[in-house]
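The structure appears below as structure tokens.
Side-chain atoms are counted along with the backbone in the values below, which use heavy atoms only and exclude waters and symmetry mates. It should be emphasised that the depicted structure is a prediction, and the values quoted were computed from it without experimental measurement.
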Amino acid sequence: MFTERSVMLDPNPPSLSLASSLSHRKIGAGGNEFEKIIGASRGMSGVLDQVRMVAGTDCTVLIQGETGTGKEVIARAIHDASPRRQQRFVAINCAAIPAALLESELFGHDRGAFTGAVTQRLGRFQAADRGTLFLDEIGDLPLELQPKLLRAIQEQEFERLGSSQTTRVDVRIVAATNQNLHQMVAERRFRMDLYYRLNVFPITLPPLRERPGDIRLLLAHFLRTFAQRQGKSIEYVSDQVMTAIERYSWPGNIRELQNFIERSVILTRGAELRAPIAELTKSEPQADDVRTLEDANRAHIKATLRETNWVVGGPNGAAARLGMHRTTLIARMQKLGISRETIERSTELPESHTNVPQSLPMHA
């Protein structure tokens, strides 16, 4: 644990002392049951209360929240506090796998089920038998696959691709999404029966802008982590940097903050954190151009893409800056109607990076 003795404090700086930010960084009355979850806000305390209530059951849980809010961390906390904690926690991102392969990933396949299926393969459901299966980005599950998933969840049985033999499992389901599934049901883009089967115990994670009191705790944690990893001793954060970090809206939430602090640690040479706070000012959408949260997300993604010359992947790409997986960013761009072809027709793409195609693919 990072204690106050771990940090040398500057005697007179007008700055944030790291030690002062770490004394209450864990949530929970007991203090230690959720060590990977950092925060002290009322919103996160409420989330952890829900986790405590549902963890001991086999109830299906639907975790909702914006990208980067820590949905998989909460899913793991549910598993780790459950009677299944000695068994496997198996995760699958439904947005990251092409639709043609997703059924095989979930349910497995027999030899000869399709071209290239030279051996039998177990799917994620079977791998998670007696444990927990985390279905991330469930809103991106293709409609044609939803009936089979519904049956697998409800009946705890399925058939592998190419097999007529029914396989029974005992799997606890935790799903997560950053989309409005209720609206998707109304638009006939998500099955109503599957939605209600998943929405037994919903947990909604607050975005980072709604828990500003946790920003210092998260900053101190990430700063300690990356400073140790890079062999640096960073003792304090100036008021100017802290004010900029606290005023920024963090549309990419915790993951965006984490990546920003890692980049800042790389840039730091001395004892005071040198953060590129100009990035935060440039990336912040103008109030006159923003009417809804969707507008804010669209404006922020566009600004970041311009800064990276529309490079999506790689350590310096837009996905890394926004704190997203590359495939998640591409899916979000499709949803928000963002493409370079319609915004910057005259700019050429660099050839040596993973870039935004002129016409985005349906699956990453």
Q.
Would R88 and D129 count as a salt bridge (charged side-chain N to carboxylate O under 4.0 Å, His left out) here? Give the steps.
A. CA-CA 8 Å; R88 294 187 65 186; D129 191 23; over 6 Å; no

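- In the model, N253 has a side-chain atom that pairs as donor or acceptor with a side-chain atom of E66 under 3.5 Å.
- A donor-acceptor contact closer than 3.5 angstrom links the side chains of S41 and D214.
- Contact annotation: the side chain of V90 never approaches that of V171 to less than 4.5 Å [non-hydrogen atoms, C-beta and beyond].
- Considering Q165, K148, R151 in turn, R151 is the only one that fulfils the side-chain hydrogen bond (donor to acceptor under 3.5 Å, both in side chains) rule with E159.
- With sequence neighbours left out, E187 forms a side chain to side chain donor-acceptor pair (under 3.5 Å) with Q183, R189.
- Within the 4.5 Å cutoff, no side-chain heavy atoms of K71 are placed close to those of T177.
- When side chains are defined from C-beta on, I153 counts as touching L198, because their heavy atoms get closer than 4.5 Å.
- With no hydrogens or angles considered, a side-chain donor-acceptor pair links E256 and H300 at under 3.5 Å.
- In this structure, I92 and L102 have side chains that are in contact, with non-hydrogen atoms separated by less than 4.5 Å.
- Put simply, the side chain of T308 gets close to the backbone of L305: a donor and an acceptor are under 3.5 Å apart.
- Counting heavy atoms from C-beta outward, T69 and I254 have side chains that stay 4.5 Å or more apart.
- Proximity of a side-chain donor or acceptor of R224 to a complementary backbone N or O of H221 within less than 3.5 Å is not detected.
- Without hydrogens or angle criteria, H79 side chain to V174 main chain gives no donor-acceptor distance under 3.5 Å.
- Checking side-chain atoms of K232 against main-chain N and O of I266 turns up a donor-acceptor pair under 3.5 Å.
- Proximity of R124 to L133: side-chain heavy atoms (C-beta onward) are separated by under 4.5 Å at one or more points.
- Residues Q146 and Y195 have side chains that never bring a donor and an acceptor to within less than 3.5 angstrom of each other.
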Q: Under the salt bridge (charged side-chain N to carboxylate O under 4.0 Å, His left out) rule, what do D140 and K335 come out as? Steps first, then yes or no, please.
A: CA-CA 11 Å; D140 290 293; K335 179 182 176 183; over 6 Å; no

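- Side chain of R298 to main chain of L336: a donor-acceptor pair is present (N/O by atom type, distance under 3.5 Å, no hydrogens or angles).
- When side chains are defined from C-beta on, E246 counts as touching R216, because their heavy atoms get closer than 4.5 Å.
- Under the ring-ring contact (aromatic ring centres under 6.0 Å, His included) criterion, F190 pairs with no residue at all, not counting sequence neighbours.
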